[in-house]
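Working notes, structure below.
No experiment lies behind these values; they were computed from the predicted model shown. Each chain gets a letter, A, B and so on, in the order the sequences are listed, and its residues count up from 1. Below, each value reflects all heavy atoms present in this structure, side chains not excepted, and no hydrogens, waters or symmetry copies.
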Amino acid sequence: MHNLKIIRKDFESFKKSLKKRLLDIDFNELLDLDEKNRNFIQKKETLEKEKKDISKSKDKALFAKSKEISSAIEKISKEQKIIKTNLDNILSNIPNIPHSDVPDGKNENDNIEINKSGQIPKFDFTPKSHYELGENLGMLDFDLATKTTGSRFVFVKNKLALLERALSNFMLDIHVLKNGYEEISPPLLASANTMFGTGQLPKFENDQFEVKLEDGTDRKFLIPTAEVILTNIVKDKILDIKFLPARFVASTPCFRKEAGSYGKDTKGMIRQHQFYKVEMVSIVEQEKCMDELERMTNCATGILELLELPYRKMILCSGDMGFSSEKTYDIEVWLPSENKYREISSCSSCSTFQAVRMKTRYKNQKKETLFAGTLNGSGLAIGRTLIAIMENYQQKDGSITVPKVLRPYMNNLEKISVN
RNA sequence: GGAGAGAUGGCUGAGCGGUUGAAAGCACCGGUCUUGAAAACCGGCAAAGGGGCAACUCUUUCCUGGGUUCGAAUCCCAGUCUCUCCGCCA
């Protein structure tokens, strides 16, 4: 969420900076409401002052007047509240401003490749897709999931389930032991307010699974990513600067409706309603966001390098970035069956955008109270890493070689095969 | 599901109708002392919003929303959350 105070100061450049996002926002209404709001506040404060003085004086002759003022205040407050609600509605639906590094563009076709890494494997046979491999092995079962649950779910079985679990442990170990993240095992449900904090609500309610607990209680949602719950650890806090940078990592299931992606990636487990993901979150001093983004992205690519999977790093263009992000790198892994790179991680700096929503602040050396910077990144999406390993490490006979770094996590298993 | 207790500043915790934005302690910052540090002592230290070029100033905020009152952190009502005990389940 944006700070109106700052917007007011230089409205034209605010407008201009959001142009890259290609959205139509009614800026005039925003400005108009802001002005009205401030007028009401001023009127209200004048009356409040008058009332306060009367009650301080304890002059009985003025008591009747004080009552009159009260009803006048009430009237103005009501009007002011309506204006403020409208103002907040508009404001909470405006995305973050793209950083100056971010290239202009409409959609994913305008994203720019930063670099490539790793060797694309050469096969002396036609490589199979992960779902063919998985079904042949009897270790991926989509039909069974359809029976028990519905579409876009999968049963992962046997050695592939072990591989999935190994990936989670392996990634967590690296992030905790080498990269300095604190491991968290968080709740998988988040309150509406928490979802607002990271920007999933109000605009993207359609993508979320809502869970009904008891009537009359706060609304709850299954987390679409651990980012939501990890970032909100610092909600409503004024942090001690010694606490920064704070780095959290969690491996959790994620739940997404994938509304609007009907017909996209319907085969296989690329796009599921439920998937595991290892998520990194950093809370930093606001001017350190860019450095932290590079660091975090390196943590993500580091995993791919250890797994010896070929990937490329992309910087997302303004039109393809997420709502809360100011700058995003996508890491894409090579998938032989598709003969192209697919997203396996997304690392974003959200500048102070989420902190303003969450009311997360810290005091700097000058004792100024400032909003914190927040970042999040996948390190990595487990389901897609599983796919990438299956496809890149597949053998002619349909077996899959286990990457060396994972073997200690899999009882030294070297090959996943039918037998 | 049954019975109680509570929600106050970065934290702990007083206040229970009238300069209370709120005692005290801790933490933090500055200073004195010290070769340096610790201790001790002195001083400072809430946030949000409005107005002003600024110094500054005004308003709001003691869980949330209503109510009583000239006046509420303090009284009344509703809600949310937390804790304790009993029951039930993991």
Side-chain angles (χ1 to χ4, degrees), chain A residues 1-11 30-92 185 187-197 201 210-221 229 232-246 283-286 352-372:
Chain A
M1 194 137 89
H2 300 288
N3 192 336
L4 253 180
K5 246 189 192 167
I6 296 166
I7 294 176
R8 259 198 309 264
K9 260 188 204 157
D10 193 351
F11 183 66
L30 185 73
L31 218 52
D32 184 49
L33 286 172
D34 178 44
E35 188 149 346
K36 278 186 184 151
N37 181 237
R38 283 187 296 155
N39 279 336
F40 277 120
I41 287 172
Q42 278 178 51
K43 278 188 206 159
K44 197 170 92 175
E45 288 188 354
T46 313
L47 291 172
E48 277 166 345
K49 169 96 174 101
E50 220 176 309
K51 187 179 159 183
K52 210 172 173 178
D53 287 342
I54 290 174
S55 105
K56 262 188 187 164
S57 75
K58 298 186 201 172
D59 182 351
K60 280 188 183 157
L62 295 171
F63 285 180
K65 184 161 188 214
S66 175
K67 264 202 142 156
E68 274 173 40
I69 295 172
S70 289
S71 65
I73 291 175
E74 202 178 324
K75 219 170 143 190
I76 291 177
S77 295
K78 260 185 197 153
E79 291 182 77
Q80 194 259 127
K81 254 185 204 164
I82 293 168
I83 304 265
K84 183 72 167 67
T85 306
N86 286 335
L87 195 58
D88 285 343
N89 270 341
I90 295 178
L91 220 49
S92 57
S185 174
L188 304 179
L189 291 183
S191 68
N193 182 265
T194 293
M195 296 284 279
F196 176 84
L201 293 183
E210 184 168 0
V211 173
K212 191 169 181 176
L213 288 185
E214 274 171 81
D215 289 329
T217 56
D218 200 18
R219 298 174 74 196
K220 304 266 190 283
F221 298 84
I229 205 95
N232 276 280
I233 287 174
V234 294
K235 180 172 78 167
D236 290 319
K237 272 191 173 275
I238 300 179
L239 302 164
D240 194 318
I241 197 156
K242 279 186 276 184
F243 184 76
L244 305 177
I283 317 293
V284 300
E285 291 167 67
Q286 50 179 240
T352 58
F353 187 82
Q354 293 178 324
V356 173
R357 293 176 156 247
M358 297 188 298
K359 300 185 178 69
T360 301
R361 290 152 292 175
Y362 65 97
K363 292 217 194 236
N364 68 2
Q365 307 293 6
K366 289 183 206 156
K367 292 202 147 198
E368 294 164 315
T369 307
L370 299 171
F371 285 107

Sub-4.5 Å side-chain heavy-atom contact between [X] and [Y]:
{"X": "A:Glu285", "Y": "A:Asn364", "answer": "no"}
{"X": "A:Ile7", "Y": "A:Leu91", "answer": "yes"}
{"X": "A:Arg8", "Y": "A:Arg38", "answer": "yes"}

Rounded [atom1] spacing from [N] to [M] in Å:
{"N": "B:rU68", "M": "B:rC77", "atom1": "C1'", "answer": "11 Å"}
{"N": "B:rC62", "M": "B:rA72", "atom1": "C1'", "answer": "11 Å"}
{"N": "B:rA48", "M": "B:rC11", "atom1": "P", "answer": "15 Å"}
{"N": "B:rG52", "M": "B:rC58", "atom1": "P", "answer": "16 Å"}
{"N": "B:rC63", "M": "B:rA73", "atom1": "P", "answer": "10 Å"}
{"N": "B:rU20", "M": "B:rU74", "atom1": "C1'", "answer": "11 Å"}
{"N": "B:rC81", "M": "B:rU8", "atom1": "C1'", "answer": "16 Å"}
{"N": "B:rG4", "M": "B:rU19", "atom1": "P", "answer": "35 Å"}

Practice problem: May I ask you to establish whether A:Lys60 and A:Phe63 are in a cation-pi arrangement, using a distance under 6.0 Å from NZ or CZ to the six-membered ring centre and at most 45° from the ring axis? | Solution: no

Exercise. Can you measure from CD (A:Glu210) to CZ (A:Phe221) and round to the nearest 0.5 angstrom?
Key: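 These two atoms lie 4.0 Å from each other.
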
Any [X] side-chain nitrogen or oxygen under 4.0 Å from OP1 or OP2 of [N]:
{"X": "A:Arg8", "N": "B:rG49", "answer": "no"}
{"X": "A:Lys359", "N": "B:rA48", "answer": "no"}
{"X": "A:Lys363", "N": "B:rC29", "answer": "no"}
{"X": "A:Arg361", "N": "B:rA48", "answer": "yes"}

Measure from [atom1] on [X] to [atom2] on [N] and round the result to the nearest Å.
{"X": "A:Ile73", "N": "B:rG71", "atom1": "CD1", "atom2": "C1'", "result": "12 Å"}
{"X": "A:Lys237", "N": "B:rA48", "atom1": "NZ", "atom2": "P", "result": "16 Å"}
{"X": "A:Glu48", "N": "B:rG51", "atom1": "CD", "atom2": "C1'", "result": "15 Å"}
{"X": "A:Lys52", "N": "B:rC58", "atom1": "NZ", "atom2": "P", "result": "9 Å"}
{"X": "A:Lys36", "N": "B:rG49", "atom1": "NZ", "atom2": "P", "result": "22 Å"}
{"X": "A:Asn364", "N": "B:rG10", "atom1": "CG", "atom2": "C1'", "result": "15 Å"}
{"X": "A:Ile241", "N": "B:rA27", "atom1": "CD1", "atom2": "C1'", "result": "15 Å"}
{"X": "A:Arg38", "N": "B:rG50", "atom1": "CZ", "atom2": "P", "result": "7 Å"}

Touch class at under 4.0 angstrom, heavy-atom based, for [X] against every strand present:
{"X": "A:Lys81", "value": "sugar-phosphate"}
{"X": "A:Lys44", "value": "nothing"}
{"X": "A:Thr369", "value": "sugar-phosphate"}
{"X": "A:Lys49", "value": "sugar-phosphate"}

Quiz item: Got a sec? Which of residues 59-71 of chain A come in under 4.0 Å of RNA chain B, heavy atoms?
Solution: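 Contacts with RNA chain B under 4.0 Å: A:Phe63, A:Ser66, A:Lys67, A:Ser70.
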
Exercise. Consider the side chain of A:Lys5, meaning its heavy atoms from C-beta on, and name the nucleotide among B:rG71, B:rG50, B:rG67 that approaches it most closely.
Key: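 Within the option list, the nearest is B:rG50.
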
Exercise. Decide side-chain contact (heavy atoms from CB on, under 4.5 Å) for A:Lys44 and A:Ile73; before the verdict, give the C-alpha distance in whole Å, the side-chain angles of both, and the deciding distance to 0.1 Å.
Key: CA-CA 6 Å; A:Lys44 197 170 92 175; A:Ile73 291 175; 4.3 Å; yes

Self-check item: Upstream residue (5' side of RNA chain B) when A:Thr46 and A:Asn3 are each assigned their closest nucleotide
Solution: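 The residue mapped nearer the 5' terminus is A:Asn3.
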
Quiz prompt | A:Lys56 or A:Asp53, whichever maps to the more 5' nucleotide of RNA chain B | solution =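 Mapping each residue to its closest nucleotide by heavy atoms, the 5'-most match is A:Lys56.
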
Practice problem: Spell out, as yes or no, whether a donor-acceptor pair under 3.5 Å connects the side chain of A:Gln286 to the backbone of A:Phe371. | Solution: yes

Quiz item: For A:Ser70, which of A:Glu48, A:Lys65, A:Lys75, A:Lys51 qualifies under side chain to side chain donor-acceptor pair (under 3.5 Å)?
Solution: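 Among A:Glu48, A:Lys65, A:Lys75, A:Lys51, the one that satisfies the side chain to side chain donor-acceptor pair (under 3.5 Å) with A:Ser70 is A:Lys51.
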
Exercise. Would you please test A:Asn37 and A:Leu4 for side-chain contact (heavy atoms from CB on, under 4.5 Å) and show each step?
Key: CA-CA 12 Å; A:Asn37 181 237; A:Leu4 253 180; 5.8 Å; no

Quiz item: Looking only at N and O atoms, is any donor in the side chain of A:Glu45 or the base of B:rG49 less than 3.5 Å from an acceptor on the other one?
Solution: yes

